[in-house]
Amino acid sequence: MRSNAVKTLVSAMVAAATMMSVGAAHAGKTLDAIKARGQVVCGVNTGLAGFAAADSNGNWSGIDVDICRAIAAATLGDGTKIKFVPLNAQQRFTALQSGEIDILSRNTTWTLTRDASLGMVFTGTTYYDGQGFMVPAKGKIKNAKQLKGTTVCVQSGTTTEKNLTDFSRANKLDIKPVVFEKVEAATGAYFAGRCQSYTTDASGLASVRNKEAKNPADHIILPELISKEPLGPSVRRGDDEWFAIAKWVVFGLLEAEEYGITQANVEQMKASTDPAVLRILGVTEDTGKLLGLEKDWMAKAIKATGNYGEIFERNVGPSSALKLPRGVNNQWNKGGLMYAPPIR
């Protein structure tokens, strides 16, 4: 066989192999392990109302919890096939690095250092937040610049602690941090009067005030935010297939809200004439095979938790106990920052 003919044959074989591989993704080691155990293991907060908290019967709720449930539904077809592992700020990264958990969904800020040096990768932002301060309403402090020389309770091992130091130094406030390893100790000290202020993400302040204050009206959250805190899930580096699944489930929840697909109408929407809706629900195109999932992976996720807007409203929105405004967490076409790449 002449050399040109050999080259042509080899090229044809490579092209054929490539074509055979396109359209179907290898599951990846993390998804293989999840399917083998029949359960997604999700690292969450030890207790932060609106994001991850368990009731007296051990039932978990919160935005971070629902994100994990949606991922479990997409991968295993059932949002209840999940194990929640409560982790404090110091434990969370080690738990992910060691393989104790499959995904960390624990009100964790996406930063360069964490994304580049801890063996983890963030899958997107599920809540845009910013650090604030809570003070007694009866005091004279009405803005953050009046915290000069005061004591502030803060949890160690967090971006919160670092932001407090930066804010104090930049504004020459000589703030005196009172540091605690566990958030419960920090909030307890504040409510006991050991600190003149307590600092964390603004959503966390609302959660703590609602849950732990004897009378929430006795405490005010100062208007200033001193940082950007994009909160979102993360997974271990090295498994691109699992990273893609975790990322696209979140995008799918955002897309579902944008196109009006809800937990209640997901089945009816399969009869829609909108091509985007039909793609999202796996009616006309099988995007699931690209992720190693079933054709209706996103429909199962939406059925388990509702779309992103429903998750927000149920856990932290104006009709919830926290009563937080949608604000920058609204859809991009409603003045917010939530913008998902298209499922197509």
Side-chain angles (χ1 to χ4, degrees), residues 30 41-46 48 51-52 62-64 67-68 71 85-133 144 152-171 173 175-183 185-186 198-205 207 224-248 250-251 328-329 337-339 341:
T30 304
V41 183
C42 177
V44 293
N45 200 299
T46 54
L48 182 64
F51 288 84
I63 288 179
D64 292 339
I67 294 298
C68 283
I71 291 171
V85 178
L87 301 164
N88 65 31
Q90 289 74 28
Q91 297 168 328
R92 54 184 165 171
F93 302 128
T94 302
L96 183 62
Q97 293 161 348
S98 67
E100 180 186 348
I101 58 176
D102 300 312
I103 183 167
L104 178 65
S105 185
R106 188 203 172 282
N107 61 294
T108 298
T109 302
W110 186 350
T111 70
L112 184 151
T113 301
R114 290 171 174 176
D115 198 41
S117 67
L118 294 183
M120 57 192 278
V121 57
F122 283 81
T123 64
T125 300
T126 52
Y127 190 94
Y128 288 97
D129 212 341
Q131 185 173 330
F133 296 90
V152 178
C153 284
V154 62
Q155 187 183 12
S156 63
T158 61
T159 55
T160 309
E161 182 184 11
K162 295 179 180 178
N163 291 337
L164 178 62
T165 300
D166 288 349
F167 175 70
S168 176
R169 183 178 296 127
N171 293 282
L173 297 178
I175 289 173
K176 299 172 175 58
V178 183
V179 181
F180 299 88
E181 180 179 343
K182 295 184 178 180
V183 66
Y198 170 63
T199 186
T200 190
D201 297 341
S203 61
L205 294 176
S207 175
E224 300 93 342
L225 297 180
I226 66 168
S227 70
K228 293 182 295 184
E229 305 293 331
L231 310 179
S234 55
V235 296
R236 278 183 303 283
R237 283 189 179 275
D239 191 334
D240 290 344
E241 291 79 15
W242 180 236
F243 171 55
I245 290 169
K247 175 172 56 178
W248 279 100
V250 173
F251 290 154
V328 294
N329 291 294
L337 298 176
M338 289 299 181
Y339 183 108

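Fair warning: this is a prediction, and the values are worked out from it, not measured in the lab. Hydrogens, waters and symmetry mates are skipped; everything else that's a heavy atom, side chains included, is used. The residues of the chain are indexed from 1 along the displayed sequence.
Contact record, Asn88 with Glu181: ND2-OE2, 4.1 Å, taken as the closest heavy-atom pair. Of all the heavy atoms in Phe180 and Ala186, the pair that sits closest is CD1-CA, 3.5 Å. The nearest pair of heavy atoms linking Thr111 to Phe122 is N-CE1, 4.4 Å. Shown here for Thr125 and Pro230, the closest heavy-atom pair between the two residues is OG1-CB, 3.7 Å. Heavy atoms only, all atoms of each residue included: Ala246 and Ile103 are closest at CB-CD1, 4.1 Å. Between Gly232 and Thr126, the shortest heavy-atom contact is CA-OG1, 3.7 Å.
For the pair Phe51 and Asn45, the minimum side-chain heavy-atom distance is 4.5 Å or more. Side-chain contact check for Leu164 versus Phe133: some heavy-atom pair is nearer than 4.5 Å. Between Trp110 and Ser234 there is no side-chain heavy-atom pair separated by less than 4.5 Å. The closest side-chain heavy-atom distance from Leu87 to Ile101 is below 4.5 Å. Residues Tyr127 and Ile67 have side chains not in contact (no heavy-atom distance under 4.5 Å, counting atoms from C-beta outward).
Among residues two or more places apart in sequence or in another chain, the side chain to side chain donor-acceptor pair (under 3.5 Å) test is passed with Gln131 by Asn163, Thr199. In this view, Thr109 and Glu229 satisfy the side chain to side chain donor-acceptor pair (under 3.5 Å) rule, not counting sequence neighbours. In this view, Lys162 satisfies the side chain to side chain contact (heavy atoms under 4.5 Å, CB included) rule with no residue, not counting sequence neighbours. In this structure, the side chain to side chain contact (heavy atoms under 4.5 Å, CB included) partners of Val179, at least two apart in sequence or on a different chain, are Val154, Ser156, Glu161, Pro177. Looking at residues two or more places apart in sequence or on another chain, you find no ring-ring contact (aromatic ring centres under 6.0 Å, His included) involving Phe243.
A 6.0 Å sphere centred on NZ of Lys176 holds more than 12 heavy atoms belonging to other residues, nucleotides or ligands.
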side-chain contact (heavy atoms from CB on, under 4.5 Å) assessment of Thr113 paired with Leu118: CA-CA 7 Å; Thr113 301; Leu118 294 183; 5.5 Å; no

Would Tyr198 and Val183 count as a side-chain contact (heavy atoms from CB on, under 4.5 Å) if you check the C-alpha gap in whole Å, the side-chain angles of each, and the deciding distance to 0.1 Å? CA-CA 10 Å; Tyr198 170 63; Val183 66; 3.4 Å; yes

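Taken from CZ in Phe251 to CE in Met338, the straight-line distance is 10.5 Å, to the nearest 0.5 Å. With values rounded to the nearest 0.5 angstrom, Ser105 atom OG is found 7.0 Å from Ile71 atom CD1. In this structure, NZ in Lys228 is found 12.5 Å from OG1 in Thr159, a value given to the nearest 0.5 Å.
Checked by atom type and distance alone, the side chain of Arg236 pairs as donor or acceptor with a backbone atom of Leu96 at under 3.5 Å. Side chain of Gln97 to main chain of Met120: no donor-acceptor pair is present (N/O by atom type, distance under 3.5 Å, no hydrogens or angles).
Sorted by first and then second residue, the pairs that involve residues 101-129 and meet salt bridge (charged side-chain N to carboxylate O under 4.0 Å, His left out), not counting sequence neighbours, are Arg37-Asp102.
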